[in-house]
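We use all heavy atoms of the structure for the numbers below, so side chains are in, but hydrogens, waters and symmetry mates are not.
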Protein chains: 2
Amino acid sequence: MPKSTFFNLPKDKQEHIFRHAMEEFARHPYEQASLSEIVKKAGIAKGSMYQYFSGKKDLYKYVVQQVYRHKREYLQPVWELKDKIDFFRMLSMYYRRSWHYAQAYPTQHKVIVNFWDSKDAAVREEILREKQTRINVFADLLEHGSRSGVIAPGIDKETAWFVYHAVARDLIDNFLDPGIDIHSHEAFIDSVLAILELGLRPRKE
Amino acid sequence: MPKSTFFNLPKDKQEHIFRHAMEEFARHPYEQASLSEIVKKAGIAKGSMYQYFSGKKDLYKYVVQQVYRHKREYLQPVWELKDKIDFFRMLSMYYRRSWHYAQAYPTQHKVIVNFWDSKDAAVREEILREKQTRINVFADLLEHGSRSGVIAPGIDKETAWFVYHAVARDLIDNFLDPGIDIHSHEAFIDSVLAILELGLRPRKE
DNA sequence: ACAAAATGTGACTGGGCAGTCACATTGGAG
DNA sequence: CTCCAATGTGACTGCCCAGTCACATTTTGT
């Protein structure tokens, strides 16, 4: 948690510092990110940073937390369709929107990618917490799909989550080429999801 | 490439140095791995290392190359079954064996995981080369499966590769807990592959 | 207007790093 | 045995880092 001095700062100065910290953590994973670089870019003194945050890790946790909050808000509208549309259609929308997020907010996106890749012991507990949140949310969805009959009853929930999670990572995290064609990537997302859908839907024997 | 002085060394000294370098690159990704640490652990002088290798990157490339060679040899027997067994059975064997490799050679395995995660510009060209090799090999298999009729004709090869690659990464790379039960993880691998198989097999309408 | 509290500062500390170099040691050719 | 090229060495350079601290400046309450 940032110290109270940080929150006492005028909002625009808070954002200024936050933005430069976020950019550094987007460029480099936690271990290689440099506090000295952040304060230089932000034009504030090193010592000031230590008035706001207790150290590098504190700043990092704050940045990751804020970025996740931001992304969750962006994805919120899709969750609200949960009871209105089919499980598989919802997943399609969810992945498309996740990908749009990565396109619209590449800096935030890169922070998240670096976060998931981190091997640092202290960061890993945060990763596990976040992972559990994702699992819970998805398990919810699956339960829903299972009850409404679009998912074969024999499918193990954990297995299904695993498959989607694995695919999502590569589907969204690694398609950031600015030159990429939006429609063709959306089509690609759907073709990948189609394979999974066929694998999960009940068989008509 | 190592300098000739390295290859002039007695084989056991080469292996001694190699082993300690490999352990360091298993513990840390390239950027965070420390040459000073390697020479300390190996009990040789810093300067000697520079007689053998032109620098950190040279040593790293050599280690990754050797580890990949080792892994490929381990997987070789499965490839040789290519023409003898069903596409899906072969994939099951392939993933099981990959996982056994990770269990049997955790150090080598971790080097490979770190290699794929690397964001370093100079390392990335190696990654792309390796990726292309994997794609080619898999495309071959897929073609085979497609011709023998076990894969639905409408499936795009690139999409299929993508799905398997994404799943493989999580299936093998992230199950290294030493306490894990071998049989239950093999069963898990198969249940994941079953979903993909259902998604790819031709439908009987 | 003033003092005290809060905030801002950047030189400094101690440490780690890759890579270098002048020198020491070794081993093989003649 | 002698000499020279190949090999081994670790102190050293220059760099970057997180975190600290004595001091400077600003804000706040009275």
Under the side-chain hydrogen bond (donor to acceptor under 3.5 Å, both in side chains) test, residues paired with B/Tyr30 that sit two or more places apart:
none
Less than 4.0 angstrom from a charged side-chain N to a carboxylate O is my criterion; do A/Lys41 and A/Glu37 meet it?
yes
In whole angstrom, what separates A/Lys3's NZ from D/dG19's P?
11 Å
Have a look at the helix from C/dA1-D/dT30 to C/dG30-D/dC1 and give the angle its two end axes make, five pairs each, rounded to 10 degrees.
10°
Protein and nucleotides 25-30 of chain D: nitrogen or oxygen contacts under 3.5 angstrom:
none

Opening and closing nucleotides of DNA chain C in contact with chain A, under 4.0 Å to non-hydrogen atoms
C/dT7 to C/dG10
At a heavy-atom distance below 4.0 Å, what parts of residues 7-17 of chain A sit against DNA chain C?
A/Asn8, A/Leu9, A/Lys13
Check whether any side-chain heavy atom of A/Val64 lies under 4.5 Å from a side-chain heavy atom of A/Glu126, and answer yes or no.
no
So among B/Arg134, B/Lys82, B/Arg147, which one has a salt bridge (charged side-chain N to carboxylate O under 4.0 Å, His left out) with B/Asp140?
B/Lys82
So among A/Lys110, A/Arg124, A/Arg169, which one has a salt bridge (charged side-chain N to carboxylate O under 4.0 Å, His left out) with A/Asp117?
A/Arg169
Side-chain contact, heavy-atom cut-off 4.5 Å: B/Asp58 with B/Tyr52?
no
Just how far, in rounded Å, is P of D/dG19 from CG of A/Leu59?
10 Å
Looking at side-chain heavy atoms only, is the closest gap between B/Asp190 and B/Arg96 below 4.5 Å?
yes
Side-chain (A/Thr133) to main-chain (A/Arg129) donor-acceptor, under 3.5 angstrom
yes
Is it the case that the base of D/dG19 and the side chain of A/Lys56 share a donor-acceptor contact (distance under 3.5 Å, atom types as modelled)?
no
Can you tell me if B/Gln65 has over 12 outside heavy atoms packed within less than 6.0 Å of its CD?
yes
Are the aromatic ring centres of A/His165 and A/Phe138 under 6.0 angstrom apart?
no
With a 4.5 Å heavy-atom cut-off, do B/Phe88 and B/Ile151 have their side chains touching?
yes
Just by distance, do the side chain of A/Glu24 and the backbone of A/Leu35 share a donor-acceptor pair under 3.5 Å?
no
Separation of B/Arg201 CZ from B/Phe87 CZ (nearest 0.5 Å)
10.0 Å
Salt bridge check: are B/Arg72 and B/Glu130 linked by an N-O gap of less than 4.0 Å?
yes
Contacting residues from residues 48-55 of chain B, given that a heavy atom lies under 4.0 angstrom of DNA chain C:
B/Tyr50, B/Gly55
Set out, in order, the CA-CA distance, both residues' side-chain angles and the distance that settles salt bridge (Lys or Arg N to Asp or Glu O under 4.0 Å) for B/Arg19 and B/Asp12, then state yes or no.
CA-CA 10 Å; B/Arg19 189 162 49 80; B/Asp12 62 338; over 6 Å; no
Calculate the interatomic distance between A/Asp58 atom CG and D/dA18 atom C1'; express it in whole Å.
14 Å
